[in-house]
Amino acid sequence: RFPRRVPDSPGDLLLPRFAHMPAAMRRESPAGATDHYRPACPGLYATSAAGEAETVFTPAQLQKMDFHVECHLSTAFVTVNTTWVVPGSLLKSAKNDGKKGNITFAMPVTEQTTVTGVSAQMSNKRFASGVMPNKDTKNMKGTRFGRNTAAPLPAHPELFAISIPGVPAGETVHVQATYFTPLDFENGAYVFRAPTRLPTGCISPNTPLTKVLSVMATARSAYSEQVQVMSPTHPVTLVQAGAGVTQVQLDPIKREKWQNTEFVMVMPVWGGDIAAAGVQQPPAPGDPDRRHAFAIAIAPPKPEAVNPFPRDVIFLLDRSGSMGGGPMDAARAALIAGLKDLTPNDRFNICAFDNLQIFFDQEGLTNATNEAKDAALRWVNVNCQARGTTDIMTPLARALELFSAQPNPGAVPMVFVITDGAVEDEREICTFVERAFKNGGADPAAMLPRVNTFGIGRYANHYFLKMLAGIGRGMNGAAYSPETVEKKMFDLLRASKTPILTNIAVGIPQSAQGVEILPFPVPDLFAGAPVMISGKCVGGLPATIEIQGRVAGGAVWQRSIPVALDLQNNALSIPLDKVFVKQRIDMMTARAWLTQEKHLEQQVIDLSLKHGVPCAHTKLCAFEISLKNETAMKNQKASGGAVSVAKYAVGGAAGVMVIGAMAGGFGDVGASLSNAGGMIANAGSMIGSIDIGGIDVPDLSCIAECAADAPCIEPIMGCVEPLAGCVEPLVGAAGECLEPLIGAVGSVVEVVGNMIGGN
């Protein structure tokens with residue numbers, strides 16, 4: 001299934017959508033200018049306004065950019081290290097003298113990216129980050145970053161940004177960011193993309209890309225064969241390969257073939273038949289959870305190699321007032337594309353709902369003939385217009401009734417719930433669907449309706465939608481900005497186009513203890529969506545287990561699959577336990593929301609802190625730290641103890657800044673009732689709210705270093721820090737007071753310095 005070679009040419013495999021990147025990410029300023037409206041790669045940028053909602057990014061001078069990537073099954077873990085020299089002309093400060101000031105670290109991301117850490121180092125100052133429970137962030141004001149509020153730093157689904165204060169002119173700044181993201185699945189292959197396009201002006205025109213850019217990427221599968229890896233954008237060379245693991249890097253010899261574009265890595269999956277395999281790892285030494293972690297991968301064959309199920313599809317599209325404008329236009333376009341994707345073997349119906357409902361076919365499901373689809377397209381354009389409030393229960397219950405009233409043996413019934421709102425009876429909806437499926441699922445051959453959900457904007461309760469899709473053995477998707485609604489929604493519809501294997505069951509031995517499987521129930525296998533099952537159990541799985549399901553026509557498909565014991569190949573640093581931690585956190589969070597059980601919420605927090613992955617109940621926080629305290633904090637983390645960042649941060653809790661997160665939240669019923677639009681605005685407005693160019697953050701790093709060795713200085717630090725924090729609110733009210741205040745802070749610092757000298 002996996003050829004043992006790395007293509008010699010980046011053109012060996014070109015998939016149609018590899019050039020895709022959101023237009024907002026690629027748009028540049030007018031011809032001849034060196035600035036960009038979006039950062040093309042992780043880096044240090046001076047930011048300036050361009051109109052009401054745009055921000056121009058001017059890069060510092062890049063010295064080195066290294067990407068270390070580990071693609072584990074369906075998730076990519078990325079560490080990017082960058083080194084920049086910051087010219088004084090790019091620095092912002094109250095004095096604006098080009099000697100010292102602030103600069104922004106910005107990194108393009110997607111709506112599914114989870115940033116797990118960011119750190120920066122200069123010659124005499126360093127910043128770090130850590131994950132903290134929400135309840136412990138109340139006293140974190142961000143004073144070391146020019147802020148004075150416990151509110152999280154604004155976030156955007158396409159951009160991660162944070163301002164770094166107190167950078168001297170000509171300083172060399174090292175910045176590291178870590179994140180993970182699910183791999184895209186396109187045209188039968190897993191796809192990873194790294195934002196490696198360097199902006200104009202960040203390196204000398206005579207400097208080759210090979211001098212400043214490197215990518216080391218490892219691909220790991222559950223199968224015993226070498227993983228096939230290739231790149232359509234860059235020449236890559238094989239570093240090492242083994243059972244289920246392949247590692248490649250950018251080929252420095254073929255420098256003439258390098259392109260200044262995003263790096264794309266492709267890992268083909270489609271074969272001639274359904275393939276499945278498992279992998280497991282024992283717990284790490286010292287981990288209190290002594291269960292083995294395991295993963296089971298089920299890969300689809302090429303669509304033309306199988307006989308797919310027919311589908312019965314009902315689309316439920318929210319047309320409440322908050323969907324007006326861009327969201328409704330995009331959702332309507334995606335729905336129309338989904339209608340066109342229906343085959344002659346499918347049946348369908350459409351419901352446009354607000355506080356009322358209207359169905360395309362009031363009686364039931366319609367055969368997907370060309371005439372019926374044309375009539376549906378006209379109906380959508382007339383009836384899917386924004387109005388009213390939101391009622392999800394009534395149209396969903398009606399959809400399930402239609403499936404029962406018009407059974408279609410052999411077809412997969414599917415309902416798509418598309419909404420941007422939160423409703424008061426969400427828990428009742430989940431309970432209703434759970435009960436309906438439990439009552440109708442006694443027959444293992446029964447084909448219960450699959451409930452797929454798609455949330456739009458920040459006011460939708462994304463955990464409710466995840467929970468509903470989980471109960472309904474369906475898929476879940478989301479979009480937060482108007483530009484991504486159509487693509488993300490169509491991706492969800494397209495992924496579910498070709499069902500291949502349904503009612504999947506995993507043969508875990510009955511004697512196994514402490515068994516946990518996610519997602520459960522196991523979703524169906526589609527040509528456009530492989531199945532990834534993760535879990536834990538005491539002692540691990542046997543060397544082989546049974547997997548079974550049903551194929552089109554009702555026949556039982558069954559395989560005995562191997563479960564390899566992975567003791568962590570030397571090319572890998574991410575343990576299997578962490579590969580699916582986001583999936584575990586999201587589903588546990590949704591379950592805790594549904595049951596309202598506080599002990600489940602605490603389990604989510606514990607898991608988040610253990611793996612350093614922010615979630616709905618924790619936040620990523622940034623803080624300045626001394627070298628000695630940084631070493632002490634790392635040692636405490638390594639020992640497994642709970643870490644309080646306020647203990648190690650310069651300025652204590654007040655100096656720590658809470659970083660926002662774009663993870664889907666619990667929604668806002670009040671906003672939904674008032675038909676407030678929940679789409680995320682242009683990133684330009686967000687940058688303006690994190691820019692601290694109008695204030696100087698006093699440099700207390702030298703005192704912090706001394707305080708680490710002299711406990712008596714800590715009380716003095718406690719006096720200086722509040723004085724520094726007072727500057728920000730006074731700037732807006734009385735700008736002319738800024739200089740005297742900074743002078744006052746400087747005087748205090750001088751006094752403290754004299755005290756240190758006399759100690």
Side-chain angles (χ1 to χ4, degrees), residues 42 66-81 107 109-110 112-119 129-131 176-184 190-194 214-223 226-227 229 239-249 263 265 267 277-289 291-297 516 518 530 532-536 540 563-586 606-615 620 634 637-638 640:
D66 299 315
F67 276 84
H68 180 82
V69 184
E70 292 188 22
C71 296
H72 292 259
L73 293 97
S74 59
T75 305
F77 293 81
V78 182
T79 299
V80 55
N81 288 287
M107 177 172 67
V109 295
T110 71
Q112 293 183 297
T113 301
T114 300
V115 178
T116 55
V118 60
S119 62
S129 63
V131 177
Q176 180 185 88
T178 57
Y179 64 91
F180 64 85
T181 184
L183 297 173
D184 294 326
Y190 281 115
V191 182
F192 167 74
R193 293 179 173 87
S214 68
V215 177
M216 180 74 73
T218 305
R220 167 208 216 161
S221 77
Y223 305 96
Q226 176 183 330
V227 183
V229 174
V239 177
Q240 62 174 301
V245 178
T246 297
Q247 187 176 56
V248 298
Q249 66 178 0
F263 170 75
M265 187 170 75
M267 295 144 281
V279 62
Q280 62 181 329
Q281 281 180 350
D287 189 339
D289 187 349
R291 296 177 296 172
H292 282 54
F294 64 82
I296 299 168
E516 177 185 359
L518 291 172
M532 286 289 174
I533 305 166
S534 65
K536 308 193 85 172
V563 182
L565 183 62
D566 184 356
L567 298 178
Q568 298 189 32
N569 184 288
N570 60 4
L572 303 167
S573 62
I574 304 296
L576 191 60
D577 190 29
K578 190 172 181 177
V579 173
F580 294 99
V581 68
K582 182 67 162 58
Q583 181 187 52
R584 289 183 67 201
I585 286 175
D586 282 351
D606 293 343
L607 191 61
S608 169
L609 299 180
K610 174 182 176 181
H611 292 286
V613 176
C615 68
L620 183 66
K634 288 179 179 178
K637 283 183 179 179

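Bear in mind the structure is a predicted one, so any value in this text is a computation, not a measurement.
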Side chains of [X] and [Y], heavy atoms from C-beta outward: is any pair under 4.5 Å?
| X | Y | result |
| --- | --- | --- |
| S221 | Y190 | no |
| P283 | D577 | no |
| M107 | V115 | yes |
| L576 | H72 | no |
| R220 | L73 | yes |
| F263 | V69 | no |

How long is the straight-line distance from [atom2] of [Y] back to [atom1] of [X], given to the nearest 0.5 Å?
| X | Y | atom1 | atom2 | value |
| --- | --- | --- | --- | --- |
| T181 | R193 | OG1 | CZ | 10.5 Å |
| Q247 | M216 | CD | CE | 5.0 Å |
| C71 | I574 | SG | CD1 | 11.0 Å |
| I585 | D606 | CD1 | CG | 10.5 Å |
| E70 | T75 | CD | OG1 | 12.0 Å |
| D566 | Q280 | CG | CD | 10.0 Å |

Exercise: identify the closest heavy-atom pair between [X] and [Y]:
| X | Y | value |
| --- | --- | --- |
| S129 | V118 | OG-N, 3.0 Å |
| A297 | Y223 | O-OH, 3.6 Å |
| Q583 | L518 | OE1-O, 3.6 Å |
| K578 | V613 | CE-CG2, 4.3 Å |
| F77 | V579 | CZ-CA, 3.6 Å |
| L183 | A76 | CD2-CB, 3.7 Å |

Give a yes or no on whether the backbone of G117 and the side-chain of T178 come within a donor-acceptor separation of less than 3.5 Å.
yes
Is Q112 reaching over with its side chain to a backbone N or O of P182, donor-acceptor style, under 3.5 angstrom?
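Side chain of Q112 to backbone of P182: no pair is present.
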Does the distance from a Lys or Arg side-chain N to an Asp or Glu carboxylate O, for K610 and D289, drop under 4.0 Å?
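Salt bridge between K610 and D289, a charged N being under 4.0 Å from a carboxylate O: no.
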